[in-house]
Every structure is written in structure tokens, then in C-alpha cells.
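Down below is the structure, laid out as C-alpha cells.
Residue numbers count from 1 along this sequence.
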Amino acid sequence: QVQLVESGGGLVQAGGSLRLSCAASGRTISRYAMGWFRQAPGKEREFVAFITWSGGSTSYGDTAKGRFTISRDNAKNTVYLQMNSLQFEDTAVYYCAGGYNGGAYDSALAYELWGQGTQVTVSS
């Protein structure tokens with residue numbers, strides 16, 4: 001059974017950067033599209049980024065465009081999210097999503113496997 005484990009979250013000042021990692025264990029994810037979502041307190045889970053199995057195509061939510069970059073290293077069974085120019089509004093728990101079922105990639109319903117999340121806190 002595949003498990004997803006996020007890491008790399010933490011406290012950062014506004015304008016700073018963080019790189020999140022999502023490491024998969026139990027089975028290779030190299031043939032599967034992956035996503036990143038985030039959820040702030042009192043808000044719904046929000047789409048952040050999507051990457052195809054090969055890494056050849058990516059898509060981003062409006063708040064991530066131009067600042068965040070999703071990538072993957074299939075040899076390491078890991079997906080990354082590089083976040084630059086972080087703002088207070090980016091504060092949230094960030095989740096790695098796998099088990100993409102072919103639905104709308106920006107919907108949480110399109111994923112069947114989730115990590116436990118990693119907290120990102122941006123101080124203003």
C-alpha cells in the first residue's frame with residue numbers, strides 16, 4: 001500500500017522560500033500524476049499544483065502561478081513543491097495528493113491518496 005509523507009514545512013518570513021517534499025513508499029508513483037493542495041483554518045482544501053507522471057506537464061492554481069513550481073524525481077519516488085515569494089496568505093497545511101483517478105485535476109475528489117500534511121506558516 002502506498003503511503004505519502006510530506007516534509008519541508010515550517011515558519012518563514014514573508015518574501016521567503018520553502019521547498020516541500022512528498023516521498024512515496026510502498027509502491028512506485030512514477031506512472032501516476034500527482035498534486036499539491038493546501039488548507040487554511042476554516043477554509044476548504046484548495047488546489048495548488050498538478051504534475052503529470054512524466055513531469056512533462058504542470059498546472060497551477062491562481063494563487064500559485066508565477067511563485068510556486070511543482071516537480072518530481074521518479075527515481076527517488078518523490079514530488080516537490082518549490083514555493084517562492086511566500087505571503088501571509090500562503091499559511092496553511094499543505095497536502096500531497098496521489099491516486100489520481102482521471103477527474104478534474106484541480107478537485108480534491110480526483111485523488112484517492114493523501115499524505116498527513118505539513119504546516120507552512122508565513123509571518124508578516
Quiz item: Aromatic rings Tyr111 and Phe37: how do their planes relate, parallel, tilted or perpendicular, breaks at 30° and 60°?
Solution: perpendicular
Exercise. Give the C-alpha distance, both sets of side-chain angles, the deciding distance and a yes or no for side chain to side chain contact (heavy atoms under 4.5 Å, CB included) between Thr118 and Val93.
Key: CA-CA 5 Å; Thr118 185; Val93 177; 6.0 Å; no
Quiz item: Do Val120 and Met83 come close enough that some side-chain heavy atom pair is under 4.5 Å?
Solution: yes
Exercise. Flag the pair Phe68 / Val48 as yes when at least one side-chain heavy-atom distance between them is below 4.5 Å, and no otherwise.
Key: yes
Quiz item: Looking just at side-chain N and O atoms, do Thr63 and Arg38 make a donor-acceptor pair shorter than 3.5 Å?
Solution: yes
Quiz item: When rounded to the nearest 0.5 angstrom, what is the spacing between CD in Gln116 and CD in Gln3?
Solution: 9.5 Å
Self-check item: Minimum heavy-atom distance Ala110-Gly103, with the two atoms named
Solution: CB-C, 3.9 Å
Self-check item: Note, Thr52 side chain near Met34 side chain (heavy atom, < 4.5 Å)
Solution: no
Practice problem: Quick one: closest heavy-atom pair of Leu18 and Gly8, and the distance? | Solution: CD2-O, 3.8 Å
Quiz item: Between the side chain of Asn77 and the main-chain N/O of Ile29, is any donor-acceptor distance below 3.5 Å?
Solution: yes
Quiz item: Looking only at atom types and distance, does a side-chain atom of Arg19 sit under 3.5 Å from a main-chain N or O of Gln82, one as donor and one as acceptor?
Solution: no
Quiz item: Just how far is it from atom CD of Glu89 to atom OG of Ser124, taken to the nearest 0.5 Å?
Solution: 8.5 Å
Quiz item: In the single-linkage hydrophobic clustering (I, L, V, M, F, W, Y; side-chain heavy atoms under 4.5 Å), do Val2 and Val79 co-cluster?
Solution: yes
Quiz item: Transitively linked via ILVMFWY side-chain contacts under 4.5 Å: Leu86 with Ile70?
Solution: yes
Exercise. With the side chain counted from C-beta on, respond yes when Leu81 and Thr69 share a heavy-atom pair under 4.5 Å apart, and no when they do not.
Key: no
Quiz item: Centroid-to-centroid, Tyr60 to Phe47, below 6.0 Å?
Solution: no
Exercise. Find the distance between CD (Glu46) and CH2 (Trp36) and round it off to the nearest 0.5 Å.
Key: 14.5 Å
Quiz item: How far apart are the C-alpha atoms of Leu113 and Leu4, what are their side-chain angles, what is the distance that settles it, and do they pass the side chain to side chain contact (heavy atoms under 4.5 Å, CB included) test?
Solution: CA-CA 8 Å; Leu113 186 64; Leu4 303 177; 3.9 Å; yes
Practice problem: Kindly confirm or rule out a cation-pi arrangement of Arg72 over Tyr80, judged by NZ or CZ under 6.0 Å from the six-membered ring centre and within 45° of its axis? | Solution: no
Self-check item: Phe50 ring center within less than 6.0 Å of Tyr100 ring center
Solution: yes
Quiz item: For Gln119, does the CD atom have more than 12 heavy-atom neighbours from other residues, nucleotides or ligands under 6.0 Å away?
Solution: yes
Quiz item: Side-chain contact, heavy-atom cut-off 4.5 Å: Ser123 with Phe88?
Solution: no
Practice problem: For residues Val122 and Thr91, report the shortest heavy-atom separation together with the two atoms involved. | Solution: N-OG1, 2.9 Å
Practice problem: Keeping the roles fixed (side chain from Asn74, backbone from Trp53), state whether a donor-acceptor pair exists under 3.5 Å. | Solution: yes
Quiz item: Between Arg45 and Trp114, is NZ or CZ placed under 6.0 angstrom from the six-membered ring centre and within 45° of the ring axis?
Solution: yes
Quiz item: Would you say Glu6 and Ser21 make side-chain contact, with heavy atoms under 4.5 Å?
Solution: no
Exercise. Compute whether any side-chain donor of one residue and acceptor of the other, for Asn84 and Ser17, lie under 3.5 angstrom apart.
Key: yes
